[in-house]
K.L.:
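The following block contains the structure, expressed as structure tokens.
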Amino acid sequence: MNDEINREIMFHEDAVVEIRSADDSNEKQIEDIKYFAENGFDIIIVSPNEAAALTHIIKKVYKKGMPVIIFDRNIIGDTYTARIGVDDEGIGRSAAHYALHMLGTGAKAIEIFGLKGSTPAEGRHDGFVAEFKKGKGELLASVPANWNKEDAIPVVDSLLKIYPDVDLIYAHNDRMAIGASEVASKMGRDDIKIIGIDAAPNIGIQAVADSVIDATFLYPTEGHRLIRTALAILKKEPYQREVQLPVSSAVDLTNADILLLQNETLKEETGKMKQLKARIDDYWAKHSSQTSLFYASIVIIILLFGVAFLLLRAYWQHSRHQKTLMFQNKLLEEERDKQKSLNSQLQDAIQSKLMFFTNVSHDLRTPLTLISEPVSQLVSADNLTHQQHTLMKIADKNIKILHRLINQILDFRKYENGKLKLKLIEIDFSQTINEWLESFYSIARKRNIKLTLQAKESTPVKIAVDVEKIERVFFNLVSNAFKYTPDNGSITVFYESDDNKLTFAVADTGEGISERDLGNIFDRFYQVDRVHPNGSGLGLSLAKAFVELHEGTISVESALNKGSVFTVVLPVKHVSETISELKADITEPDVERELAPVSSDIVFDKEKQLILIIDDNKDVQTLVGELLKDEYNIITAVNGREGIRMAAKYIPDLVICDVMMPVMDGLECCKRMKTEVSTSHIPVLMLTACSMDEQRVQGYDSGADGYVAKPFNGIVLKSRCANLIANRKRIRDLWQDNVLVTPTINRDMKSQVEGKNIDNEFYNRFLEIFKKEMGNSDLTVDAIASDMGLERSQFYRKIKALTNYSPVELIRCLRLKHARNLLTSTEKTISEIAYETGFSTPAYFTKCYRDNYGETPSETRSKLTN
Ligand code: ADP
């Protein structure tokens, strides 16, 4: 049975079985059942040792929900899931039948009983007795022997002594039968036939084959059926609850050998199967480890592919990158070569330009001197008008600037050609520097700039220098300090010396120089603000040249918005030549001329029109102002931003605006004025040093109304101004006429001023607001102005500038015009019309109407009906 079970379980991968033997002990079996119940087993198959003793525990386990299959033997009641029983009675009957067949009727038998209370024993007994009696057989005795041989031997021994005429011993199992056989043969009673039950191959069948017993009856076990039923129960498949296994025929000498052989074969096959199973298990284990290996390999291969792909891609990218780099490199090289050739071209160009400058400068010097002299005489003439004097001063100043510039250029060329020579003279530097600085105190006072000289020692500082050149250096440094330091700042000049060197420095609290520009300011023509140049950019490079001629150094330290310090270090040398009296080359008037703008006083005349001049150059402001001040009132601004502010505040009749200015340039300024409602109508005249067409286009694009190129002719400028103002007036008159002539407010009046520009939009918006509020006699100019987003004064000037009417006049005009229209085109009464057009009373309406049209409203009406 155990073999059968083990064989069957091999076919069910998902199940395992554990077999425990009770060894004929109730206690052990109870313990075993408890063990199975408590250790996670799913089902118990039990062959109860004794029905009564095991019923309780089986019932308990079953009630707890664990399926139980009873087989072979029985319990009391039916507290089990399924029962596979053996027809013990049938076996008993077969045994009796076989015995009768062997011995004939009337045979005498003794029975070796299994165990009292054992259900198979009972069955085997009952079946045997019933059948045996039928064949007139006689059962002499029935004695239990506990299913085993040892107990059977004494029982048989005594029974044979008591019943010597026995023909048959019927034992309930083979072991007891073998015991009986041993006793019988000992007693020399080989004639007694012995029958057992069970037919276990190596016990019962072997005993039959060995002729130890005469027959045995196959006890059907069918272990496979137990396993299948158990699995059906667990898998909730249909199964038969009660099964009675059929009885098989007897095993005797005729078939014992075959059965044994069969059994051997079976055993062998089972062994092979087990081996196969073990091998399969082994293969499975290998298979699953190989499967894992397979998947792992696939993953590794995929990863390898991935890595290979990435590497390839990186390689591709790298080579592509390399290619682009090479390409770029080539481009760069080409670019560099181009730059190189451009550079040399540029150098050539610069050289020829410089040469040209030099030549021109030479040529300019004579006429300039010829202009300079008469002009300086004229400046000091006492019979000039104030305006003439101012204009002369501007001329004089700018001639001097030109002069200096030309000298600078010539000097610089000389220096570059190595032709600039030093004329060393022994001086006392402390005295000299004091004198040089003298010229600057007046301008310093005027601009409230604190100018101080600091010296470490008061003793004379003897040094040989080219006085004229060092004076130019000094003048350049100090005048730069003045140029770039705002009013109320401070400028400090400092010097010290020892036996070897003289150091002097000019420090200011001005706008400073950015780090980017700091490295370049000693380059010739370099200017920090190229857009709004304030000089030639030659001063510092020439200063450097002069200092280097002295074998000295010049350096600068600066921070934006903090100030700059220029330091000159000269080696101390001595010569015998001295000068008796030092005379500064650059005098106070020179300084004044250069650093103080020429100013003119402008008087304000209510009758004249207002012009705003926007220019960062004070002299240009003055010049233009001087030219125009007789005919116009003049106000000025120094840059675009200030210009816009002034324009919005004063609403001038014309704006003259320089193109290149710091903070906000003229183009931007013009554009903004033209897009601002309050200033959009003001004509703008652009003033520029660039006369290129492109620049003009830019100017017109930004909305400029006219263009005058520098240098300009005063008469042309004047006529351009007059022209623009007259144009403006014409447009205004047109508007005014429109306002008066247009018959209806709704459609026609609007179409008269239709157009894209900002003034039309402004006026249309005004009309819109007015139309809505026309009937409101409390309507104020303030309310309309704030509706239009303007201040009252701006609104006033704008309306006035556009229509020549004040807002109040304009509103009245519009009301009357609409009223007149209503009078002529509708049947409404005069008072209805008066209220509808916003007059507080009909009487007031009539008065205004008459004032405006020279007739009363009723007269207009009656004229019409006539
Ligand atoms: P320029 O002869 O036109 O005055 P410079 O060679 O003297 O030119 O100066 C070159 C530039 O260096 C100037 O355009 C100016 O921007 C800058 N610079 C010179 N001195 C000062 C200073 N003290 N503070 C600020 N900027 C200065």
Side-chain angles (χ1 to χ4, degrees), residues 1-9 15 17-37 41-62 66-92 113-125 127 144 146-148 172-176 196-201 203-204 216-234 239-248:
M1 174 114 189
N2 291 353
D3 283 347
E4 282 167 357
I5 286 174
N6 283 327
R7 227 171 5 243
E8 180 64 23
I9 206 75
V17 68
E18 184 175 333
I19 299 175
R20 296 200 152 206
S21 173
D23 297 330
D24 297 328
S25 155
N26 291 337
E27 287 72 34
K28 179 154 190 309
Q29 196 163 43
I30 289 168
E31 283 311 306
D32 288 344
I33 290 171
K34 279 185 189 163
Y35 163 82
F36 286 129
F41 286 82
D42 298 308
I43 188 162
I44 299 178
I45 303 169
V46 57
S47 172
N49 196 45
E50 277 180 51
L54 280 133
T55 298
H56 177 69
I57 180 76
I58 288 172
K59 189 173 174 179
K60 199 170 143 192
V61 170
Y62 175 76
M66 187 154 185
V68 179
I69 302 177
I70 304 290
F71 81 95
D72 184 5
R73 305 178 186 182
N74 215 340
I75 55 165
I76 303 163
D78 63 350
T79 51
Y80 49 75
T81 318
R83 193 178 75 89
I84 299 176
V86 179
D87 184 9
D88 282 295
E89 249 186 81
I91 292 174
F113 203 91
L115 190 70
K116 279 284 172 219
S118 161
T119 46
E122 302 289 356
R124 290 170 193 192
H125 168 78
N146 281 334
W147 296 112
N148 64 51
H172 279 184
N173 72 4
D174 290 334
R175 276 178 294 184
M176 293 192 295
I197 295 176
D198 279 352
I203 305 171
T216 178
F217 286 85
L218 217 52
Y219 186 76
T221 43
E222 304 205 14
H224 66 276
R225 192 189 273 259
L226 279 177
I227 293 300
R228 285 179 201 165
T229 308
L231 291 173
I233 291 168
L234 290 177
Y239 62 93
Q240 217 177 324
R241 188 165 187 264
E242 296 283 349
V243 177
Q244 193 81 287
L245 297 175
V247 178
S248 55

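As the structure is a computational prediction, the values presented were derived from the model and not from experiment. One is the number of the first residue; the rest follow in order along the sequence.
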K.L.:
How many angstroms lie between CG in Leu218 and CG in Leu245, if you round to the nearest 0.5 Å?
P.N.:
11.0 Å

K.L.:
Checking side-chain contact (heavy atoms from CB on, under 4.5 Å) against Ile84, which of Glu242, Glu222, Arg225 comes through?
P.N.:
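So, applying the side-chain contact (heavy atoms from CB on, under 4.5 Å) to Ile84 and each of Glu242, Glu222, Arg225, only Arg225 qualifies.
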
K.L.:
Can you find a side-chain donor-acceptor pair between Asn26 and Glu50 that sits under 3.5 Å?
P.N.:
yes

K.L.:
Relative to the ring of Phe36, is the ring of Phe41 parallel (under 30°), tilted (30 to 60°) or perpendicular (over 60°)?
P.N.:
perpendicular

K.L.:
Apply side chain to side chain contact (heavy atoms under 4.5 Å, CB included) to residues Asn49 and Arg73 and explain how you reach the verdict.
P.N.:
CA-CA 8 Å; Asn49 196 45; Arg73 305 178 186 182; 3.6 Å; yes

K.L.:
What are the two closest non-hydrogen atoms of Asp87 and Gln244, and how far apart are they?
P.N.:
N-OE1, 3.9 Å

K.L.:
If I take atom CD1 from residue Ile9 and atom CD from residue Glu4, how far apart are they, to the nearest 0.5 angstrom?
P.N.:
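Here the rounded value is 13.5 Å.
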
K.L.:
Just by distance, do the side chain of Gln29 and the backbone of Ser47 share a donor-acceptor pair under 3.5 Å?
P.N.:
yes

K.L.:
Under the criterion side chain to side chain contact (heavy atoms under 4.5 Å, CB included), I'd like the reasoning laid out for Arg241 against Tyr80: C-alpha separation, chi angles, the key distance, then a yes or no.
P.N.:
CA-CA 9 Å; Arg241 188 165 187 264; Tyr80 49 75; 3.8 Å; yes

K.L.:
List for me each residue that meets side chain to side chain donor-acceptor pair (under 3.5 Å) alongside Tyr239, sequence neighbours excluded, and say none if there are none.
P.N.:
none

K.L.:
Working to the nearest 0.5 angstrom, can you tell me the gap between Ile91 CD1 and His172 NE2?
P.N.:
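Here the rounded value is 10.5 Å.
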
K.L.:
Using side chain to side chain donor-acceptor pair (under 3.5 Å) as the criterion, list what pairs up with Lys60, not counting sequence neighbours.
P.N.:
none

K.L.:
Can you confirm whether more than 12 heavy atoms, excluding those of His56, are under 6.0 Å from its NE2 atom?
P.N.:
no

K.L.:
Taking only residues two or more places apart in sequence or in another chain, which ones pass side chain to side chain donor-acceptor pair (under 3.5 Å) with Glu122?
P.N.:
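Checked Glu122 against side chain to side chain donor-acceptor pair (under 3.5 Å); zero matches.
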
K.L.:
For Ile203 and Asp198, run side chain to side chain contact (heavy atoms under 4.5 Å, CB included): C-alpha distance rounded to whole Å, both residues' side-chain angles, the deciding distance at 0.1 Å, then the answer.
P.N.:
CA-CA 9 Å; Ile203 305 171; Asp198 279 352; over 6 Å; no

K.L.:
Output the distance between atom CD1 (Ile227) and atom CD1 (Ile43), rounded to the nearest 0.5 Å.
P.N.:
9.0 Å

K.L.:
Between Pro48 and Ile70, is there a side-chain heavy-atom distance shorter than 4.5 Å?
P.N.:
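The answer is yes, as the side chains (C-beta and beyond) meet within the 4.5 Å cut-off.
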
K.L.:
Please report the shortest heavy-atom distance between Ala199 and Thr216, naming the atom on each side.
P.N.:
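So the two residues come closest at N-OG1, 3.1 Å.
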
K.L.:
Looking at every heavy atom in both Ile30 and Ala53, which two are closest together, and how far apart are they?
P.N.:
CD1-O, 3.9 Å

K.L.:
Using atom types as modelled and distance alone, determine if a side-chain donor or acceptor of Thr81 lies under 3.5 Å from a backbone N or O of Val68.
P.N.:
yes

K.L.:
Supply the atom-to-atom distance Asp78 CG to Lys59 NZ, rounded to the nearest 0.5 angstrom.
P.N.:
9.5 Å

K.L.:
Treating Asp174 as the side-chain partner and Ile197 as the backbone partner, does any N or O pair qualify as donor plus acceptor under 3.5 Å?
P.N.:
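Checking the backbone N and O of Ile197 against the side chain of Asp174, a donor-acceptor pair under 3.5 Å is found.
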
K.L.:
Less than 4.0 Å between a side-chain N and a carboxylate O, is that true for Lys28 and Asp32?
P.N.:
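The answer is yes: the pair qualifies as a salt bridge.
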
K.L.:
Kindly give the heavy-atom pair with the smallest separation between Ala82 and Ile233, and that separation in Å.
P.N.:
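So the two residues come closest at CB-CD1, 4.2 Å.
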
K.L.:
What distance do Ile33 atom CD1 and Ile57 atom CD1 have between them, rounded to the nearest 0.5 Å?
P.N.:
6.0 Å

K.L.:
Might you point out which heavy atoms bring Pro246 and Pro220 nearest each other, and give the distance in Å?
P.N.:
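Taking Pro246 first and Pro220 second, the nearest heavy atoms are O-CG, 3.5 Å.
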
K.L.:
Step by step, work out the side chain to side chain contact (heavy atoms under 4.5 Å, CB included) result for Asp88 and Thr119.
P.N.:
CA-CA 8 Å; Asp88 282 295; Thr119 46; 5.9 Å; no

K.L.:
Hey, are the side chains of Phe217 and Arg124 touching, using non-hydrogen atoms and a 4.5 Å cut-off?
P.N.:
no

